[in-house]
Structure formats: structure tokens, C-alpha cells
Amino acid sequence: MPDTSDFNQLYREYRHRFIHYARTYVDDITTAEDIVMDSFIYYLENKHSLKNDSNIPAYLLMVIKNKCLNHLQRQRTHEEATRYLINRDN
């Protein structure tokens, strides 16, 4: 079971900075907040696989960046598929 006080402190200390970082990739504040929350959850689920001396904020930044890039790729694919379907029907 993760130490909730350590997690809560990490969350309070870095949440706003991480949201700001995510916003450098995605324009929507809600999406940035969701990505940051998903990243914290991912960290909690995978904390056991990290070394004890891991730099947790740096790890979370890497997770956030990857989740942002994945989001942008899915968004781009969706837009391309939508354009294809619209052009096909015309």
C-alpha cells in the first residue's frame, strides 16, 4: 500500500507545475489536468517497479510527456479519419 502522506505531498507540490508542463503540449486545460491525474495514477500503479533512489518528479514528467504525445497522436489520427470520411462522401 502506498504511503498516502508522501503521495499527497508530491501531488500538492507538483500538480500545478505538471499541469503547466502538460499545457505546453495540449491546449485544453481540462485535457492537461486529466493527463496529469492519469500520470499520478500510473505512477501509483507502477511505483513498485521503480528503484528506491528514482527521481519521482522527473519520472512523472516523462510519463506526462508520453501521455501528451499519445493524446496528440490519437487526436491527429481522429482528425485525419474524419477528413477522409468527409472527403469520401463528397
Side-chain angles (χ1 to χ4, degrees):
M1 173 142 257
D3 183 351
T4 56
S5 65
D6 287 346
F7 177 79
N8 289 339
Q9 180 181 350
L10 180 71
Y11 182 79
R12 280 191 309 272
E13 187 173 339
Y14 288 96
R15 177 178 173 264
H16 292 291
R17 283 186 258 183
F18 288 164
I19 291 170
H20 178 73
Y21 177 72
R23 291 278 321 267
T24 65
Y25 288 93
V26 299
D27 292 331
D28 182 57
I29 183 70
T30 303
T31 301
E33 290 171 345
D34 289 346
I35 288 171
V36 169
M37 183 55 69
D38 288 346
S39 299
F40 272 105
I41 292 168
Y42 182 86
Y43 160 68
L44 281 177
E45 292 172 345
N46 295 283
K47 182 179 177 180
H48 64 280
S49 65
L50 299 175
K51 295 179 181 178
N52 288 338
D53 63 344
S54 294
N55 182 335
I56 303 305
Y59 172 81
L60 279 163
L61 281 174
M62 180 192 66
V63 171
I64 292 165
K65 176 183 175 184
N66 288 333
K67 287 185 176 291
C68 286
L69 293 174
N70 289 341
H71 169 79
L72 292 171
Q73 181 61 43
R74 283 189 306 272
Q75 185 178 36
R76 181 175 162 209
T77 301
H78 175 74
E79 290 168 359
E80 288 173 356
T82 301
R83 275 195 303 275
Y84 170 77
L85 292 173
I86 289 170
N87 291 332
R88 184 187 70 170
D89 293 339
N90 289 332

> Once the angle between the rings of Phe18 and Tyr14 is folded into 0 to 90°, is it parallel (under 30°), tilted (30 to 60°) or perpendicular (over 60°)?
parallel
> Around atom CG of Asp53, are there more than 12 heavy atoms of other residues, nucleotides or ligands at under 6.0 Å?
yes
> Please report the interatomic distance SG(Cys68) to CZ(Arg23), rounded to the nearest 0.5 Å.
11.0 Å
> Check step by step if side-chain contact (heavy atoms from CB on, under 4.5 Å) holds for Ile56 and Leu50.
CA-CA 9 Å; Ile56 303 305; Leu50 299 175; 3.9 Å; yes
> Drop me the distance from Leu85's CG to Arg88's CZ, to the nearest 0.5 angstrom.
5.0 Å
> Hey, what do you get for CG (Leu72) to CZ (Arg76), rounding to the nearest 0.5 Å?
10.5 Å
> Atom NZ of Lys51 and atom OH of Tyr59: how far apart are they, to the nearest 0.5 Å?
13.5 Å
> Return the minimal non-hydrogen interatomic distance between Glu13 and Arg17, and the atom names on each side.
O-NH2, 3.1 Å
> To the closest 0.5 Å, what do you measure between OG1 (Thr77) and CD (Gln73)?
4.0 Å
> Carefully, step by step, assess Phe40 and Phe7 under the rule ring-ring contact (aromatic ring centres under 6.0 Å, His included).
CA-CA 9 Å; Phe40 272 105; Phe7 177 79; 5.6 Å; yes
> Counting only heavy atoms not in Tyr42, do more than 12 fall under 6.0 Å of its OH?
no
> Taking all non-hydrogen atoms of both residues into account, name the closest pair between Lys67 and Ile35 and its distance.
CB-CG2, 3.8 Å
> Can you name the ring-ring contact (aromatic ring centres under 6.0 Å, His included) partners of Tyr43, sequence neighbours left out?
none
> Quick check for you: to the nearest 0.5 Å, what is the distance between Leu60 atom CG and Asn55 atom CG?
9.5 Å
> If you take all heavy atoms of Ile19 and Ala32, which pair is closest and at what distance?
O-CB, 4.0 Å
